[in-house]
Amino acid sequence: MESLILVDIQNDFLPGGALPVPRGDEVIPVANALMRKFGLVVATADWHPVGHVSFASSHAGRKPGDVVMAGGVEQVLWPDHCVQGTEGAEFAPGLDASRIDRIVYKGTDPEIDSYSGFYDNGHRRSTELHQYLLSRKVDAIYVMGLATDYCVKYTALDGIALGYTVYLVTDGCRGVDVNPGDVDRAIQEMAESGVRIVTSADLLG
Ligand code: VGL
Ligand code: ZN
């Protein structure tokens, strides 16, 4: 069984949002087209409590982009984003959410961040994503969404480590590129780890 995994296609990651991914809105039509081709669609949602450890505002004297230790791992600090229950945390309005079979919430632990849809950044606790995919007999996942160099990358790499066949749908992703080249390096790293790089045209054609 194959599953489409939509990573964090939420208002705060779109232009005008709290943590805007440049051209992040361009992934929405790709997601809508691909959802029609898959029998199973899972969407992850970044879902932080107020005062989350990944927010620069939670650390006195720190600003977005600074790096601190949190939960035993390095944590890049971000503007407040995807706070549980806020409009910024909702899926993009143009996303055909009626086709989503399961939503997996992540980043809910106040003390540690979670880029991957599978585990927190310290690999201490898992979300229910792996269990859910196992229960649906999924062996191949097609990953797309936001942001290429963070949540998409770590979801794809954990998928490989867990034994899935993992495809990255490149035109369905946009990245933050905090340091120019981060997106290209992320794709390179995924490819070297065994992620198969495809475009939506390969799947829709
Ligand atoms: C993400 C930074 C902070 C992402 C989430 O979805 O890639 N990036 N939280
Ligand atoms: Zn986040």
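Both counts, for ligands and for their atoms, begin at 1 and track the order of listing. A quick note: this is a predicted structure, and the numbers were derived from the prediction, not measured.
- Here's the thing with His81: one of its N/O atoms is less than 3.5 angstrom from an N/O atom of ligand 1.
- Counting only heavy atoms from C-beta outward, the side chains of Leu157 and Ser193 approach each other to under 4.5 Å.
- Between the side chains of Asp113 and Gln75, at least one donor N or O sits under 3.5 Å from an acceptor N or O.
- Using a 3.5 Å distance cut-off with no hydrogens or angles, the side chains of His59 and Asp66 do not pair a donor with an acceptor.
- Evaluation of the side-chain hydrogen bond (donor to acceptor under 3.5 Å, both in side chains) rule for Glu192 yields Gln188 as partners, not counting sequence neighbours.
- Residues His130 and Tyr119 bring no donor and acceptor atom of their side chains to less than 3.5 Å of each other.
- The protein atom (non-hydrogen) at minimum distance from atom 5 (C) of ligand 1 is Asp46 OD2, 3.2 Å.
- With hydrogens and angles left out, the side-chain atoms of Ser200 and Asp171 include a donor and acceptor closer than 3.5 Å.
- Of all protein N/O/S atoms, those lying under 2.8 Å from the Zn ion (ligand 2) come to 3.
- In the vicinity of Tyr150, heavy-atom distances shorter than 4.0 Å reach the ligand 1 atoms 7 (O), 8 (N).
- The shortest contact between atom 2 (C) of ligand 1 and any protein heavy atom is with Trp78 CE2, 3.4 Å.
- In this structure Asp12 satisfies the side-chain hydrogen bond (donor to acceptor under 3.5 Å, both in side chains) test with no other residue, sequence neighbours excluded.
- Of the N or O atoms in Val152, none lie within a sub-3.5 Å distance of an N or O in ligand 1.
- Among protein heavy atoms, the minimum distance from atom 6 (O) of ligand 1 is reached at Asp8 OD2, 2.7 Å.
- Of all the heavy atoms of Asp113, none lies under 4.0 Å from any atom of ligand 1, so neither backbone nor side chain is involved.
- In this structure, Tyr154 places its OH atom where only 12 or fewer heavy-atom neighbours from other residues, nucleotides or ligands lie under 6.0 Å away.
- For Phe55, the ring-ring contact (aromatic ring centres under 6.0 Å, His included) partners at least two apart in sequence or on another chain are His48, His52, His81.
- Checking Lys106, Arg174, Lys153 one by one against Asp8, the salt bridge (charged side-chain N to carboxylate O under 4.0 Å, His left out) holds for a single residue, Lys106.
- Nearest protein heavy-atom neighbour of atom 4 (C) of ligand 1: Cys151 SG, 2.7 Å.
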